[in-house]
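A quick write-up on the structure given underneath.
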Amino acid sequence: MSRNADRVPVIAGIGESRFSRRSASPLRDLQSAAIADAISDAGLSPEGIDAVYTESALMPNLYPIDVAEAAFGLGSLRRRGYFSSVGPGVALAVITAMEGIRAGDISAALVYFGMDWGSRGSSAYDFHRKYESKSAVEHPYGFYAQPTYFALMARRYAHEHGITADELTQVLGQIAVRQRASAALNDNAQQQDPMTFEDYLTSRMISDPLRRDDCCLLSDGAVALVVASLARARDSRHRYHAELLGGGHASTGMTEESCMTQGVAYPALPAAKVSAERAFAEAKIKPDDLSFVEVYDCFTISVLLQLDQLGVCGPGESRYLFAAGGAAGSGQLAVNTHGGLLSQAYILGANHITEAVKQVRGEAGRGQLASAEIGAVQLAPSADHATLILARAT
Amino acid sequence: MSASPGPRDTSAIIEPYLAAIAERRIVLPHCDACGSFHWYPLPRCPGCGSAGWSWREVRPQARLLTWTMVAHAFSPDLAGKVPYLVALVEPVDAPGVHLVTTVVDCRADELVIDMPLVADFRVPVWGEAAMPVFRPPG
């Protein structure tokens, strides 16, 4: 079947700042450098960009689109837009760019996202202060920070699936240890020191059953992507290109203030299932075709909650992927090959997208998988969910 | 402006809830059309889209959905207060509503998921006024 390479969307360029706990450079400098790198990596110049998309919770303050537009001389944009909040918002920006390429509405879209919560450590918690109901009826009980939200989910999840406390510790520890091992192969990971299961067990309890090593890092860093056509990408230096086979987005129908506690299937994430099904239908592949998945891992339990919905296993069964002989252990399905939010950096999943691009291009360095032809990115957790499917193209 | 977190920063939409708990009652948004409860308050019933909902009192009974013992002080104000217990409970009269709360008069190792609880009104760990807390019946 012939296809028109002008209408095949690819992530043609990526840029990543150095990720660190505290950057010596302000976020604007990190973000600007990542944008310049992504445009260059795509083999384009700023004049070739005709759309700019980013997420809407943080970027309007940290690095607004008009700043990107003025700083890079993007004078003739056809499209610009802020999408929903945090990780899923970045993915929805990519999905929208993908659709624009397919339709021929745009020729190259810049998507970017950056974080300075490493420098401003309390900002992760303050993020939820803006919801007045939470201040009135959650904070008085000390229900204030994300580890507590996910600790509650973890205990309920274990109960619903008959997982004992010891079994939960085992699987969460496996996730933390494996992701650290991946980060040790990643030169742009904040945590490259090896972690043993014993190290995990001795990391201090934060909000039980979650320990420090179940929790993501805090980071300063920035990421940028250029979505363009395969025809354009072929002019770049890359041998392989990261085709966007499919993208699925699904909202939960809940507000940002209620989505952490009020889910109809709490703690299961039915919108994650819908987003994955939409992505696979568009990509015309099956979950079993995936070589790897980069899944939003703000906490170890988040990996299980989302993999349950991806279609690679039934509800409550994702823990078996991490057991001896399970798919994640035997290399059939690699998970968070960059170390994830737990051990690479907390760039809210934008770093999951760049890692997926590197893997399908065969440019992931020491962390390169032997087989990485098709991979998925699964981003949560907020009032919406998104799934991207990427494949190697030439 | 960096307001400190806590119960002072209340909004008009949550005011009837706070007024009721000051009278040791629990009221929740209840749809006049479809009869479902929702939480937190919204302009319309998320179940059926009706604009006609009102605050309805529920019995002070709930089941324990889940809990965690918070060991880390996420704010300097909480440093002297850890560890403390946070729970989610579902009122028996309002299926689908999950209240953030705590469990009192019960050791953590006595807690059982889905156990029945009854409400009491006490000042919680980071609170300034009495709010609903839950304890085993009897």
Side-chain angles (χ1 to χ4, degrees), chain A residues 120-160 165 203-212 215 252-267 301, chain B residues 2-15 17-18 21 38-42 46 64-78 81-88 90 96-102 108 111-114 123-133:
Chain A
R120 299 191 299 119
S122 65
S123 297
Y125 312 141
D126 289 349
F127 182 61
H128 292 158
R129 279 191 198 183
K130 64 183 178 181
Y131 305 114
E132 292 177 333
S133 296
K134 295 177 86 74
S135 295
V137 302
E138 293 184 357
H139 295 168
Y141 299 98
F143 184 76
Y144 172 56
Q146 291 89 332
T148 300
Y149 306 172
F150 281 83
L152 291 174
M153 293 181 207
R155 180 165 270 118
R156 182 75 201 177
Y157 178 84
H159 170 79
E160 291 191 351
S203 77
R204 67 192 172 89
M205 198 62 86
I206 299 293
S207 188
D208 82 322
L210 300 183
R211 294 169 165 79
R212 182 202 62 196
C215 302
T252 59
M254 288 188 288
T255 61
E256 294 281 354
E257 67 180 346
S258 61
C259 67
M260 292 292 169
T261 54
Q262 307 296 320
V264 292
Y266 180 92
I301 184 65
Chain B
S2 66
S4 65
R8 290 172 299 279
D9 185 21
T10 59
S11 71
I13 57 167
I14 208 84
E15 212 52 65
Y17 177 82
L18 299 175
I21 63 174
H38 70 270
W39 193 236
Y40 298 109
L42 288 168
L64 177 63
L65 291 177
T66 180
W67 80 92
T68 181
M69 189 66 79
V70 181
H72 178 76
F74 293 102
S75 165
D77 319 351
L78 288 166
K81 300 177 186 289
V82 290
Y84 60 85
L85 189 131
V86 174
L88 274 188
E90 184 177 65
V97 168
H98 303 162
L99 297 177
V100 172
T101 186
T102 190
L111 295 172
V112 178
I113 284 186
D114 291 333
V123 180
V125 62
W126 209 6
E128 293 181 338
M131 298 188 70
V133 301

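Note on naming: letters A, B, ... go to the chains in the order of the sequence lines (proteins, then strands), and numbering restarts at 1 for each one. Since we're looking at a predicted model, the values are computed, not measured.
A donor-acceptor pair is defined here as one N or O able to donate and one able to accept, closer than 3.5 Å; no such pair exists between the side chain of Y144(A) and the backbone of F74(B). With hydrogens and angles ignored, the 3.5 Å screen pairs no side-chain donor or acceptor of T66(B) with any backbone N or O of M153(A). Q262(A) contributes a side-chain N or O that, together with a main-chain N or O of H98(B), makes up a donor-acceptor pair within less than 3.5 Å.
In the model, Y266(A) has no side-chain atom that pairs as donor or acceptor with a side-chain atom of E90(B) under 3.5 Å. Checking R212(A) against H72(B) by side-chain atom types alone, no donor-acceptor pair falls below 3.5 Å.
Note: S207(A) leads G263(A), P209(A), S207(A) in heavy-atom pairs under 4.5 Å with chain B. Of the residues considered (R156(A), R204(A), M254(A)), R156(A) shows the highest number of contacts with chain B, using heavy-atom pairs under 4.5 Å. Counting heavy-atom pairs closer than 4.5 Å to chain B, the top residue among G253(A), P147(A), A154(A) is P147(A).
Nearest approach of M131(B) to A136(A), heavy atoms of both residues: CE-O, 3.6 Å. Residues V137(A) and I14(B) come closest through the heavy atom pair CG1-CG1, 4.0 Å. Closest non-hydrogen pair, V125(B) versus G142(A), comes out as CG1-N, 3.8 Å. The minimum heavy-atom distance linking V86(B) with L152(A) is given by the pair O-CD2, 3.6 Å.
Between the CG atom of D208(A) and the CH2 atom of W67(B) there is a distance of 8.0 Å, given to the nearest 0.5 Å. The structure places CG of D77(B) at 11.5 Å from NE2 of H139(A), a figure rounded to the nearest 0.5 Å. One distance of note links CG of L88(B) with CE of M260(A); it measures 12.5 Å at 0.5 Å rounding. Expressed to the nearest 0.5 Å, how far OH of Y40(B) lies from OG1 of T261(A) amounts to 4.5 Å.
Using a 4.5 Å cut-off between heavy atoms, P132(B) contacts chain A through both its backbone and its side chain. Proximity to chain A is absent for every atom of L111(B), based on heavy atoms less than 4.5 angstrom apart. For a residue to count as touching a neighbouring chain, one of its non-hydrogen atoms must lie under 4.5 Å from one of that chain's; by this rule V264(A) does not touch chain B. Interface remark: L42(B) contributes side-chain atoms only to the contact with chain A (heavy atom separation under 4.5 Å).
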#### Entry: Check against side chain to side chain contact (heavy atoms under 4.5 Å, CB included), T68(B) and F150(A)
CA-CA 9 Å; T68(B) 181; F150(A) 281 83; over 6 Å; no

